[in-house]
Amino acid sequence: MAIEKIGVIGAGLMGSGIAEVCARSGYSVLVLEVNQLLLDKGLNAIRTSLTRGAERGKITEADKTATLGRLRGTTNLADFNDRDLVIEAIVEDMAKKKDVFKQLDKICPKSAILATNTSCLAVIEMAMCTQRPDRVLGIHFFNPAPVMKLVELVKTIAVSPETVAEAKAFGESLGKKAIFAPDSPGFVVNRLLVPYMIDAIRIFEAGTATAEDIDQGMVLGCNHPMGPLALTDLVGLDTAMLVANAMYEEFKEPRFAAPPLLKKMVAAGRLGRKTGRGFYQYS
Ligand code: CAA
Ligand code: NAD
């Protein structure tokens, strides 16, 4: 099946990035948010990113205009009735995701692929809310989606080989490398990355080192592009906590448990870059 029309559910950090990279790659993209205010915020983030790209000479003004021409927003899920592929990128909450999949199954063409960008939740549970579990899989993008070169394709026990092949071709059409991952919490990358991020929070909480020294240690000592605390600020502390909780719930291993400081910072609204304050302050 030729994929031409993409739907993206959620225009937060990931949804806006996914919508941007799809529109830049020539797809017609429809993005959904819960209200007009959040939709405008997400669409503005895409405009800003494209303007930045044009200013830095990465794309031409004509590319920017054409990309924006391929992008539309809506607050009505019924508008997804002509989409070939829908990528869900709402908050990391299984009940909310299941509800979206139930509705999408009724609205979207029978042939459409329904994908989730979940960081760690069981894709099969979302698939079984639909009448087409063979057309449901995880397409896991990395933050920032327009920049990071990987997608993890999460294969459930019910997905068809055709769906996986179409998703792989789609990922590659965005200029990404696709790797395969099991439908097991954290897949491949977060299974390794999340314990690392929360270990850094534990070290900071214990007073072993300052945030700056922890981050500089990993940037200068290991050539990581950013340290683990700055990375947690980029991901969002709320998302990091939800992912850690879900992984702990499944594996019951202490290394996946959210540290007390992470819970306190989330309770205080210090969610990282998205709220202007996390381990660091952002203007
Ligand atoms: N949207 C689009 N482009 C962006 C962007 C964004 N949000 N942020 C940065 N860029 C682009 C810039 O335009 C720039 O492009 P050019 O070099 O071509 O001009 C390039 O990325 C580098 O940006 P900057 O110079 O501003 O900053 P930087 O060199 O410090 O790079 C970074 C920023 C790409 C975020 C880099 O620090 C990095 O790779 N960090 C690690 C990110 C990472 O590990 N992500 C995975 C998170 S975990 C996850 O996603 C999974 C999960 O489920 C939680
Ligand atoms: P976010 O909080 O920035 O954005 C989520 C957006 O979804 C919000 O704007 C919210 O209004 C919207 N939303 C909630 N319910 C909705 C619904 N029913 N319909 C439409 N929109 C709805 O979160 P995020 O960081 O973009 O994460 C989204 C998903 O991507 C999560 O599953 C997360 O685990 C995953 N993910 C996150 C990262 C990351 O680094 N933040 C990386 C990869 C994957």
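Each ligand, and each atom within it, is numbered from 1 in the order the structure gives.
- Taking every heavy atom of Leu193 and a limit of under 4.0 angstrom, the matching atoms of ligand 1 come to 48 (S).
- With a heavy-atom cut-off of 4.0 Å, Val243 does not touch ligand 1 at all.
- Protein heavy atoms come within 4.0 Å of atom 48 (S) of ligand 1.
- At a 4.0 Å heavy-atom cut-off, ligand 1 does not touch Val189 at all.
- In the hydrophobic clustering of ILVMFWY residues, with side-chain heavy atoms under 4.5 Å counting as a link, Phe141 and Leu234 come out apart.
- Remark: atom 44 (O) of ligand 1 lies closer than 4.0 Å to at least one protein heavy atom.
- Contact between Phe204 and Ala209 at its shortest, heavy atoms only, is CD1-O, 3.7 Å.
- Ala23 and Arg70 make their closest contact through O-NE, 2.8 Å (heavy atoms, listed as atom of the first residue, atom of the second, distance).
- Asn245 and Glu249 share no side-chain donor-acceptor pair at under 3.5 Å.
- The pair Lys176-Glu152 fails the salt-bridge criterion, with no side-chain N (NZ, NE, NH1 or NH2) lying under 4.0 Å from an Asp/Glu carboxylate O.
- Between Gly17 and ligand 1 there is no heavy-atom distance shorter than 4.0 Å.
- Nearest protein heavy-atom neighbour of atom 8 (N) of ligand 1: Pro144 CG, 3.8 Å.
- For atom 38 (C) of ligand 1, the nearest non-hydrogen atom of the protein is Pro225 CB, 3.6 Å.
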List of N/O pairs, ligand 2 versus protein, all under 3.5 Å?
residue: ligand 2; atom: 3 (O); partner: Leu13; partner atom: N; Å: 3.0
residue: ligand 2; atom: 9 (O); partner: Glu33; partner atom: OE2; Å: 2.5
residue: ligand 2; atom: 11 (O); partner: Glu33; partner atom: OE1; Å: 2.8
residue: ligand 2; atom: 11 (O); partner: Glu33; partner atom: OE2; Å: 3.4
residue: ligand 2; atom: 26 (O); partner: Leu13; partner atom: N; Å: 3.3
residue: ligand 2; atom: 26 (O); partner: Met14; partner atom: N; Å: 2.8
residue: ligand 2; atom: 30 (O); partner: Asn117; partner atom: ND2; Å: 3.0
residue: ligand 2; atom: 32 (O); partner: Ile90; partner atom: O; Å: 3.2
residue: ligand 2; atom: 32 (O); partner: Glu92; partner atom: OE1; Å: 2.5
residue: ligand 2; atom: 32 (O); partner: Lys97; partner atom: NZ; Å: 2.8
residue: ligand 2; atom: 34 (O); partner: Glu92; partner atom: OE1; Å: 3.0
residue: ligand 2; atom: 34 (O); partner: Ser119; partner atom: OG; Å: 2.7
residue: ligand 2; atom: 36 (N); partner: Ser119; partner atom: OG; Å: 3.2
residue: ligand 2; atom: 40 (O); partner: Asn143; partner atom: ND2; Å: 3.1
residue: ligand 2; atom: 41 (N); partner: Val235; partner atom: O; Å: 2.8

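- Distances from atom 11 (C) of ligand 1 to the protein include at least one heavy-atom value under 4.0 Å.
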**Message:** If you apply the rule salt bridge (charged side-chain N to carboxylate O under 4.0 Å, His left out), what do you find for Asp199 with Arg202, and how did you get there?
**Reply:** CA-CA 5 Å; Asp199 256 351; Arg202 280 193 197 100; 3.0 Å; yes
Considering only distance and modelled atom types, tabulate donor-acceptor pairs under 3.5 Å from the side chains of residues 179-188, sequence neighbours left out.
residue: Asp183; atom: OD1; partner: Val123; partner atom: N; Å: 2.8
residue: Asp183; atom: OD2; partner: Val123; partner atom: N; Å: 3.4
residue: Asp183; atom: OD2; partner: Ile124; partner atom: N; Å: 3.0
residue: Ser184; atom: OG; partner: Arg191; partner atom: NH1; Å: 3.4

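- In terms of polar-atom proximity, defined here as any N/O pair under 3.5 Å, His140 does make such a contact with ligand 1.
- Distance screen at 4.0 Å: atom 51 (C) of ligand 1 has a protein heavy-atom neighbour inside the cut-off.
- The heavy-atom pair separating Cys22 from Leu174 by the smallest distance is CA-CD2, 4.0 Å.
- Protein non-hydrogen atoms do reach within 4.0 Å of atom 6 (C) of ligand 1.
- Atom OG1 in Thr130 sits 6.5 Å away from atom CG in Leu114 (nearest 0.5 Å).
- With a 4.0 Å cut-off on non-hydrogen atoms, Thr239 does not touch ligand 1 at all.
- Remark: ligand 1 atoms within the under-4.0 Å shell around heavy atoms of Phe142 are 49 (C), 50 (O), 51 (C).
- For atom 30 (O) of ligand 1, the nearest protein heavy atom lies 4.0 Å away or farther.
- Residue contact check: Leu231 has heavy atoms under 4.0 Å from atoms 42 (C), 43 (C), 44 (O), 45 (N), 47 (C) of ligand 1.
- Smallest separation of non-hydrogen atoms from Ser173 and Tyr27: OG-OH, 2.5 Å.
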**Request:** Before giving the answer on side-chain hydrogen bond (donor to acceptor under 3.5 Å, both in side chains), spell out for Thr239 and Glu92 the whole-Å C-alpha distance, their side-chain angles and the decisive distance to 0.1 Å.
**Result:** CA-CA 7 Å; Thr239 303; Glu92 192 74 337; over 6 Å; no
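- A salt bridge between Asp63 and Lys58 is absent, with no side-chain N of the basic residue lying under 4.0 Å from a carboxylate O of the acidic one.
- In this comparison of Arg56, Glu20, Glu55, Met14, the heavy atom closest to atom 14 (C) of ligand 1 sits on Arg56.
- Contact annotation: for His224 versus ligand 1, there are no heavy atoms closer than 4.0 Å.
- Closest protein heavy atom to atom 9 (C) of ligand 1: Arg52 NH2, 3.8 Å.
- Of all heavy-atom pairs between Val86 and Cys108, the closest is CG2-SG, 3.8 Å.
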**Test log, rule side-chain hydrogen bond (donor to acceptor under 3.5 Å, both in side chains), inputs Lys97 and Thr118** = CA-CA 9 Å; Lys97 286 186 190 284; Thr118 179; 4.8 Å; no
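- Here the shortest heavy-atom distance to atom 53 (O) of ligand 1, taken over Ala45, Pro146, Ser119, belongs to Ser119.
- Shortest contact from atom 3 (N) of ligand 1 to any protein heavy atom: Val147 CG2, 3.3 Å.
- Neither side chain, Asp134 nor Ser160, offers a donor N or O lying under 3.5 Å from an acceptor on the other.
- Using a 30° and 60° split on the angle between ring planes, His140 and Phe142 fall in the tilted class, from 30° to 60°.
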**Residue pair Asp84, Lys5: steps toward the salt bridge (charged side-chain N to carboxylate O under 4.0 Å, His left out) verdict** = CA-CA 5 Å; Asp84 303 315; Lys5 295 177 181 165; over 6 Å; no
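- Atom 20 (C) of ligand 1 lies below 4.0 Å from none of the non-hydrogen atoms of the protein.
- Counting the atoms of ligand 1 from 1 in the order shown, those under 4.0 Å from a heavy atom of Ser49 are 1 (N), 2 (C).
- Asn35 and Thr75 get closest at one heavy-atom pair: C-CG2, 3.6 Å.
- At a 4.0 Å heavy-atom cut-off, ligand 1 touches Asn143 through backbone and side chain alike.
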